[in-house]
There are 2 protein chains.
Amino acid sequence: MHAQNLINIIADELPNLNKSESKVAKVILADPDGATQSSIAALAKAAEVSEPSVNRFCKRFNAAGFPDFKLKLAKALVSGVRFVNRNVDPDDEVSSYTPKIFDATINNLAMVRDKISHTRVNQVVDKLIQAKRIYFFGVGASGSVARDAENKFFRFNLPVSFHDDVLMQRMLASTGSTGDVFFFISHTGRTKEVVEIAEIARANGSTVIGLTAPDSPLARVSSVTLDVDVPENTDEYMPMTSRIVHLVILDVLATGVTLRRGPDFLPHLEKIKNSLKPTRYPRTN
Amino acid sequence: MHAQNLINIIADELPNLNKSESKVAKVILADPDGATQSSIAALAKAAEVSEPSVNRFCKRFNAAGFPDFKLKLAKALVSGVRFVNRNVDPDDEVSSYTPKIFDATINNLAMVRDKISHTRVNQVVDKLIQAKRIYFFGVGASGSVARDAENKFFRFNLPVSFHDDVLMQRMLASTGSTGDVFFFISHTGRTKEVVEIAEIARANGSTVIGLTAPDSPLARVSSVTLDVDVPENTDEYMPMTSRIVHLVILDVLATGVTLRRGPDFLPHLEKIKNSLKPTRYPRTN
DNA sequence: TAATTTACGTAAGTTTACTACATTATTAAG
DNA sequence: CTTAATAATGTAGTAAACTTACGTAAATTA
């Protein structure tokens, strides 16, 4: 279940509350923002109950007490408000659509941050660590993500490549074997071509990792799936943000691999970093 | 300026605070979440100041008092931007480093969201609208960003290409002329090769746009620069997040162009979207 | 060096929230 | 239909937390 908002929880629990508790609930639901700013006495009066009733109400919803409850309520309000009205309007100015696009991206990242399965991440890191070869596959926008992944993972001193060409992908998948990791990146997880290729790879005993939508055909074919459940972009003007989320997840995986490799591996990374120095103008300040 | 996050405001004001106020600020910034849960007495003790000092501190930041301040702080914390200790530790578990990486990315996005010049964005959208051709250039990690940009901008029905090969870039730049837009993407803005190519393009009368670090050599060569000032990654384990910021800025630009094109252009975008339908397994639910 | 302003803390006062206990309502059993 | 038991709610007292007023110390300026 989605990380429930305190306000929704209260609304859901309303029928299960006893008389004075439900009085309190109604007052809070009627004006949650006002509730965060009033004292326990004021709220008790507004709900026509005693102060301890309000206090008990708070504890019922897993708050330490009234102040803690107000804090939680305030937090719930923010995340609620933030999800509203973030669509780009046809007559938006730069100053409107710019923050909207940033906010939409940030929101999706925050959502995935809270939902992503750490177990799965760990499993994928395991697979990547054990891999003899890694292939990053993606088409269209996901091709760029795959390319970026290559750019990160080649640092680990193992054969890594990315491919955005489905014929190449198909041929490589057909020659794969145990120890090879095929890492598929796909927003929808329903591109037939991609799913087919994943099936081929899987049939050859290779490990198939899917960075894609949960319950999608690709997810079902994968050995391990990293679910990315960001809302489809219904708005014409709002760009697709799943690519960004994919990139960050790949960052997480790369960090996971680096940490597993241990501190002895750092000099190697340092060497790669330093190799670029002569290509750059030195900093003056 | 965009609605700034309270935590950022405090961090910004830090140099302007007097002794005891800054003591309070430091304690709050070190653990904002902890601050929301502590009493004024506890906070005063932690900061080694008197309670009224904490109270004055709160009022300085437009809070009615300490409880109100805590409320605002709590709200600031949820708004996606967490200001926790963001460095990845060598002995971090998945459950620690995963949110850290997300948070670092989110933080940088929020920072750029609030700092980016809308005038500049508008100027760049102007240039892109007027362009006869657009070239997206990037090398290394920025190559993926350039590739992604191509994937977005080809939709506008004008000649767009991306190149991650410096020789190709150099040749194309040398043949450029007025009306051509060369869009350079670079984290540091100091890669000699890239700067040289930008100079060549500029010399031919082409428009050069730089999505790069402010005051960098590349920024100085560009006709218009979009400054991306994200902190250098000093931490070995923390991935470079500027790519992500670049991608989002390109999203913003693409949206800007779409909006300028007006509603008559939407059917064209729709057509492109629909063209992919037959490649996908239909949704079952 | 004195005057003035600003910064900070002490102590008292006020509000706020919590706890223990008492009372009232509700339910179940005889 | 009582009566006992339990649950729900409120009262009153207390402890904690917050704010205010005021005084002293530090810093700044003339």
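Just so we're on the same page: letters track the sequence lines, and every chain starts at 1. None of the values given here were measured: they were computed from a predicted structure.
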**OP:** State plainly whether the residues B/Asp229 and B/Lys115 are in salt-bridge range, i.e. N to O under 4.0 Å.
**Re:** no

Subject >> Residue-phosphate contact under 4.0 Å: B/Asn18 side-chain N/O, C/dC8 OP1/OP2 >> reply: yes

Original post:
Does the side chain of B/Ser53 get closer than 4.0 angstrom to OP1 or OP2 of C/dA7 through an N or O atom?
Top reply: no

Original post:
A/Leu71 CG to C/dA17 P: how many Å, rounded?
Top reply: 12 Å

**OP:** Determine: side-chain N/O of A/Ser20 to OP1/OP2 of D/dA8, distance under 4.0 Å, yes or no.
**Re:** no

Original post:
Where the side chain of B/Pro67 is defined as all heavy atoms beyond and including C-beta, which of D/dG10, C/dC18, D/dT19 is the nearest nucleotide?
Top reply: D/dT19

Original post:
Taking only side-chain nitrogens and oxygens of B/Lys59, does any of them come within less than 4.0 Å of OP1 or OP2 of D/dT20?
Top reply: yes

Original post:
OP1 or OP2 of C/dA17 less than 4.0 angstrom from a side-chain nitrogen or oxygen of A/Lys70, does that happen here?
Top reply: yes

Original post:
OP1 or OP2 of C/dA17 sitting under 4.0 Å from any side-chain N/O of A/Asn55?
Top reply: no

Original post:
According to a strict under-4.0 Å criterion, is A/Lys19 in side-chain N/O contact with OP1 or OP2 of C/dT26?
Top reply: yes

**OP:** Counting heavy atoms from C-beta on, name the nucleotide in C/dG9, C/dT16, D/dT19 closest to the side chain of A/Ile40.
**Re:** C/dT16

Original post:
Counting side-chain heavy atoms from CB outward, which of D/dG10, C/dT10, C/dC8 is closest to A/Val49?
Top reply: D/dG10

Subject >> Point-to-point distance, once rounded to the nearest 0.5 Å, from CG of A/Asn122 to CZ of A/Arg260 >> reply: 5.0 Å

Original post:
Taking atom P of C/dA17 as reference, at what distance in whole Å does atom CZ of A/Phe69 sit?
Top reply: 13 Å

Original post:
Rounding to a whole Å, what distance do you find between A/Phe66:CZ and D/dA16:C1'?
Top reply: 16 Å

Original post:
If you check every side-chain atom of B/Ser50, which of C/dA17, D/dG10, C/dG9 has the closest atom?
Top reply: C/dG9

